[in-house]
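Worksheet for the structure shown next.
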Number of protein chains: 2
Amino acid sequence: MVGMARPRFHRLDETQQQAILDAALTEFAARGFADASLNRIIESAGISKGSMYYYFDGKEDLYAHVIRDRLEAVIERDGPFPVPEERDPEGFWTVLAGYYLRLMRALMGDPQTAALLRGWLAGAGTPSLGAAAREAEQRMLPWLMQTLSTGQRIGAVRTDLAPELILGAVMGLGQAIDVWLISNPPADAVLEDAVSTVMDLIRRVVAP
Amino acid sequence: MVGMARPRFHRLDETQQQAILDAALTEFAARGFADASLNRIIESAGISKGSMYYYFDGKEDLYAHVIRDRLEAVIERDGPFPVPEERDPEGFWTVLAGYYLRLMRALMGDPQTAALLRGWLAGAGTPSLGAAAREAEQRMLPWLMQTLSTGQRIGAVRTDLAPELILGAVMGLGQAIDVWLISNPPADAVLEDAVSTVMDLIRRVVAP
DNA sequence: GGCATTCTTAGACCACTGGTCTAACTGGTG
DNA sequence: CACCAGTTAGACCAGTGGTCTAAGAATGCC
């Protein structure tokens, strides 16, 4: 499986694992995948190049691993985010709005992880982001598809367009909104208003 | 001004200008900015590295120039696209739908230019795309802002959100739709249906 | 305790990158 | 023909991601 550190990485001393992941997170968050330097990560982590390639298949493999690691950390700390089981549209959207608000707060409190995940999502459409990092993106797909399915079943989401198009549109919209929110960070007092605006935009796109 | 070949480039023999731009277009369209190799472009163009740096400030400068060159070519061949002057919303959207249809047809007939422009728009959110290429993107802004303004004036576009957010949302949506259309290219017979779907999605986002 | 085996590390080496720089070539002018 | 400005060629540089091999370290067995 791509995007998976070699099993021997998990047998490595915890402190050293952390040193590698921290160095990688810092570099990838600051510069994005393409402009990040594996050599700088290696130096910062205090290991040798041979070691790095002993534990990871390469730069892309390390990147995908760090993304998974951070996603799992966010879910563990701020989750869970089960697929909504509500039966009425208002309930459905309320749950999703709550998830979004929670995620926004979490990422506002963890700017490095936020930057990493942003860079990853933004780069998803470019060739320089390799298969491994795209595979990481694919991992979110089942959750998204299930949520979409639920929304369609209860009348909250349109059924006249291909699911892939609906999801893509929401993701594209979400990223654009994200970019704007970075430039115009809402005060905590109006975070919920911002979330309402976001949910409204998404609902408009997906409403039956 | 960045993104501008040095004036001496325009004094270069036409054939050689074209060789450089063709080699650059091919490489950037195929691999995107980050993974493109300036050395390969140089070799393919049949010039020396010293020459390339004599005419351009670097890889990024060349990229921005090729983008402008292709955008201008598209506008020259398939334009013009004046800011709509209609006074009623339906007229406004009809004009924009016509522009979109024309652009889609144009880009379907010019896949290399389409790939280049796609790579550019997709990369706009990533750090590896430099200031010069982002400046090229900024050049579309006045047209977009004017169109948005017209739409707002005649009641076709909402006024309750920041213009930057509305534009960003439309661009983000547009890219997601574009990605989907690449994977699911519509037959010419249903191109207008596809355009209608796209316009509907955009209208939902921006409607008052 | 020594030896063999396996695991892990170190860093030399490679082809390639974008970019700089200098010498040489070319063309125009007086 | 000499001089000057414009242009070209490609050597050189620091850095990249990745490979490879030798050496060191750890473990297990007799």
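The chains referred to below are lettered A, B, ... by the order of the sequence lines, with proteins before strands, and numbering in each begins at 1.
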Enumerate all atom pairs, one protein N or O and one N or O from nucleotides 6-9 of chain C, separated by less than 3.5 Å.
residue : atom : partner : partner atom : Å
C:dT8   : OP2  : A:Tyr54 : OH           : 2.3
C:dT8   : O5'  : A:Tyr54 : OH           : 3.4
C:dT9   : OP2  : A:Ser51 : OG           : 3.2
C:dT9   : OP2  : A:Tyr55 : OH           : 2.7
C:dT9   : O5'  : A:Ser51 : OG           : 3.1

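A side chain to side chain donor-acceptor pair (under 3.5 Å) check over residues 179-197 of chain B, counting only residues at least two apart or in different chains, returns the pairs B:Arg105-B:Asp188.
Atom OH in B:Tyr63 sits roughly 15 Å away from atom P in C:dG19 (whole-Å rounding). Between the P atom of C:dT17 and the NZ atom of A:Lys59 lies a distance of 15 Å, rounded to the nearest Å. Taking atom CE of residue B:Met52 and atom P of nucleotide C:dG18, one finds them 10 Å apart after rounding to whole Å. Between B:Asp35 atom CG and C:dC16 atom C1' the separation is 13 Å, expressed in whole Å. Between the C1' atom of C:dT17 and the CZ atom of B:Arg40 lies a distance of 10 Å, rounded to the nearest Å.
Residues B:Lys59 and B:Tyr63 are not in side-chain contact: their nearest non-hydrogen atoms beyond the backbone lie 4.5 Å or more apart.
Across B:Glu27 and B:Asp35, no two heavy atoms sit closer than the pair OE2-O, 4.3 Å. Shortest non-hydrogen contact noted between B:Ala23 and B:Ile41 is CB-O, 3.7 Å. When all heavy atoms of B:Met104 and B:Leu191 are compared, the closest pair comes out as CE-CD1, 3.5 Å.
Judged purely by atom type and a 3.5 angstrom limit, A:Arg70 has no side-chain atom pairing as donor or acceptor with the backbone of A:Leu116.
Within the nucleic acid shown, A:Ala36 comes within 4.0 Å of sugar-phosphate atoms alone, with no base atom in reach, counting heavy atoms only.
Atom NZ of residue B:Lys49 and atom CD of residue B:Glu43 lie 11.0 Å apart, to the nearest 0.5 angstrom.
Between A:Asp61 and A:Arg6 no salt bridge is recorded (no basic side-chain N to carboxylate O distance below 4.0 Å).
Residue-to-nucleotide contacts include a donor-acceptor pair under 3.5 Å from the side chain of B:Lys49 to the base of C:dG19.
The nucleotide range of DNA chain D contacted by chain A, defined by atoms under 4.0 angstrom from heavy atoms of the protein and reported 5' to 3', is D:dT16 to D:dT19.
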